[in-house]
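Excluded from the calculations below are hydrogen atoms, water molecules and symmetry mates; all remaining heavy atoms, backbone and side chain alike, are included.
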2 protein chains.
Amino acid sequence: MAVRLKDIARDLGISVITASKALRGAKDISEDTRQRVLKRMQELNYRPNMMARGLAKGRSFLVGLVVPDLLHPFFAEFAKSLNGVLRQQNYGIFLASSEEDPEIERQEIRQVLARGVDALLIASCQQTLEGFYGMEDQRTPFILVDRDFPHLRANFVGTDDVMVGRLAATHLVEAGRKRIAHIAGPELSTGADRLFGYRDVMRRNGLDVPESYVIHNSKVEELGEAAGYQGMQKLLALDPRPDGVFCYNDLMAIGAMHAALEAGLAIPQDIAFIGCGNVRYSEYLRIPLSSIDQSTARLGEQAGMLALELIQNRDAAPSKKLLEPAVIVRASSRV
Amino acid sequence: MAVRLKDIARDLGISVITASKALRGAKDISEDTRQRVLKRMQELNYRPNMMARGLAKGRSFLVGLVVPDLLHPFFAEFAKSLNGVLRQQNYGIFLASSEEDPEIERQEIRQVLARGVDALLIASCQQTLEGFYGMEDQRTPFILVDRDFPHLRANFVGTDDVMVGRLAATHLVEAGRKRIAHIAGPELSTGADRLFGYRDVMRRNGLDVPESYVIHNSKVEELGEAAGYQGMQKLLALDPRPDGVFCYNDLMAIGAMHAALEAGLAIPQDIAFIGCGNVRYSEYLRIPLSSIDQSTARLGEQAGMLALELIQNRDAAPSKKLLEPAVIVRASSRV
DNA sequence: GGCGGGAACGTGACCGTTACCGTTAACACG
DNA sequence: CGTGTTAACGGTAACGGTCACGTTCCCGCC
């Protein structure tokens, strides 16, 4: 089958450990034999067996990544840039997608932990860690990605979502809108934070936010165009109709704009839109969509680096990394 | 640290083997002890160590997935649906992204194989397997995804790309277009096949395809909006300007439409567009984009099932699974 | 010549699990 | 009562590495 250290060693008439040392660059080995070993490894196309190494070292050189939905460009881009960082340290990604289903998520976490991943990155679709992992006993360091758990002293890498809400609302206010609605996300951290930032800015500007101006989407699983479309239907039915809408994400904004256009409204004259996430297509839409950029690629890098740090130093104090979002203005809200 | 079989066994006053048997549902064990073992495992939140199991069994319960670009919705969706299939068999995904770079791809393949994956799914960014894996020695079954290598008797799961070209061209012909251009993809299998299908239909319809009507994109790494935009610039400069364009993928089509609109053309009156991939946003674009749907989710399922089959039966004859594409007509080409 | 010390390499145990085969005890049967 | 059969369980040796120590050998030094 595959070439083993044993084969290399027998070939060269040395012991397995010596070969192992050469491989790992240990110091008590002569430069000469090291070269001979490495050369032979090249020739035989030797690849260390990571399972064996992992078992022996108690490390797997594997990082677990659990996301709610790979199709969402945010997570796809995150995974991509994470991969870039980890590759350089010979770390691999064990990928699992929970489909925004807590039950599946639990299953996936079991799987991931069973693999003995050295760290776990997770964008959970749950509201709380409550008895949830069977992770307590585990010493596996984990990092919450994008979605934080309130009041939990855990590692976190994500966007400053309060700022997202603030930027979006501020932008619409500056675009001269008075009746600004919000099609909100789930009441997880990100959704709650964006809502909070939005409400805060509205209050500071003396603008009213009637209850009906905030569309809640309790179902975590539906954060796509359809939810945006339906949310917009409700907003369109209101009497003082909103003249600006901040949507939880770009997909929902796309759906919402669709509904507005169908209703015969002009964007941005009658109603302005801004989303969040700055997905790749935003600028090519029927009406190019303003958005809040989360610099997702940098998030992935940060998370990867933090993971590697935690692996080195298991009991570092939990750290929270918040990246600053930025407004990208396009036609959907340009004055 | 983590709970081991040894702990369970000591607890219950039985041997490790017996515990192991209970876990795996072996037959030579009494129902009574099996229950006791399973119960204790529950209580202690035991999770089998997959590295140890993998080492012992010579299987990793891991499938490697190497894609050129996770950000591309096709691969994201593929990965997502693959994950769904594998989860049910307790198989996991080892993910690697090559960024359309052959050098990185080689690196990733090494990594993946070193993990001892039981099967490898790969959408290669290379033109050939030529000495490329150091896979020959490996017994790891592999499946080419989306991009086939010509003349190679390997497992393949993908779209019938000749049909893609045929459908796209036929559709434009039926929409009354005479001067149909093609912004092509790389000269890998998919690009070549779509080009072939397109050319074939053109010929059968007695339509001319001047050399300048086919824009080649040799650089694998650039298959996005930019390439489409630039390709379209060239087409716009031609004298008998095309009145229909078939683009290798939706992203390129989006870029191309952008260029056409900028040039003041009306879509689809002056020029019609059709892409391929049917990405999520296609229908929300400035001009909703016609596309060829590849039923990506089904591709993922098929690939997953094939992988599991190959793992069971290592020397099954190579099989090629081609899924039928379908035309999705939207405004960009509606007559 | 005996001793200390370092460089280079090897011995054995172990990581957690499984495969293979052996052992034990109970029971049926002629 | 001896023999054979079967069910339930365990001992041993792997799987391919790594780690903590030994061991060997050579050199220099007093």
| message | Which nucleotide wins on minimum distance to the side chain of A:Lys57, given the candidates D:dA8, D:dT18, C:dG16? | response | D:dT18
| query | Would you say a side-chain N or O of A:Lys21 is under 4.0 Å from OP1 or OP2 of C:dC9? | reply | no
| said: Is the shortest side-chain heavy-atom distance between B:Lys80 and A:Glu99 below 4.5 Å? | reply: yes
| query | Is any side-chain nitrogen or oxygen of B:Ser20 closer than 4.0 Å to OP1 or OP2 of C:dT17? | reply | no
| said: Both A:Ala56 and B:Arg24 contact DNA chain C. Which one's nearest nucleotide lies toward the 5' end? | reply: A:Ala56
| field | C:dG10 phosphate, OP1 or OP2, under 4.0 Å from A:Thr18 side-chain N/O | value | yes
| field | Presence of B:Ser15 side-chain N/O under 4.0 Å of D:dC9 phosphate oxygens OP1/OP2 | value | no
| message | How many whole angstroms separate atom CZ of B:Arg59 from atom P of C:dT17? | response | 17 Å
| Between A:Glu108 and A:Val66, is there a donor-acceptor pair closer than 3.5 Å when you use the side chain of the first and the backbone of the second? | no
| said: Looking only at the side chain of B:Ile17 (C-beta and beyond, no hydrogens), which of the listed nucleotides D:dT18, D:dG11, D:dC15 gets closest? | reply: D:dG11
| Is it true that a side-chain atom of A:Asn155 and a backbone atom of A:Ser319 form a donor plus acceptor pair closer than 3.5 Å? | yes
| said: Using whole Å, what does the distance between atom P of nucleotide C:dA19 and atom CG of B:Asp28 come to? | reply: 12 Å
| request: Among the candidates D:dG16, C:dT18, C:dC9, find the nucleotide nearest to the side-chain atoms of B:Arg53. | output: C:dT18
| said: Rounding to an integer number of Å, can you tell me how far B:Met50 CE sits from C:dC15 C1'? | reply: 16 Å
| request: Return the value, rounded to whole Å, for the distance between atom CG of A:Leu23 and atom P of D:dC19. | output: 11 Å
| What's the CG-P distance between A:Leu55 and D:dA14, to the nearest Å? | 17 Å
| task | Can you tell me the distance, in whole Å, between the CD1 atom of B:Ile8 and the P atom of C:dG16? | result | 13 Å
| note | Side-chain contact check for A:Ile14: nearest option of C:dG10, D:dG17, C:dT18 is C:dG10
| request: Over 60° means perpendicular and under 30° means parallel, so classify the ring planes of A:Phe78 and A:Phe74, tilted if in between. | output: parallel
| Rounded to the Å, how far apart are A:Lys27 NZ and C:dA8 C1'? | 12 Å
| task | Can you tell me the distance, in whole Å, between the CG atom of A:Leu12 and the C1' atom of C:dA8? | result | 15 Å
| So does A:Thr33 get a side-chain nitrogen or oxygen closer than 4.0 Å to the phosphate oxygens (OP1/OP2) of C:dC9? | yes
| message | Ring of A:Tyr91, cation from A:Arg87 - is the NZ or CZ under 6.0 Å from the centre and inside 45° of the axis? | response | no
| Can you tell me if the side-chain N/O atoms of B:Tyr46 get under 4.0 Å from OP1 or OP2 in C:dT17? | yes
| note | Looking only at D:dG16, C:dT18, D:dA8, the nucleotide nearest the B:Val16 side chain is C:dT18
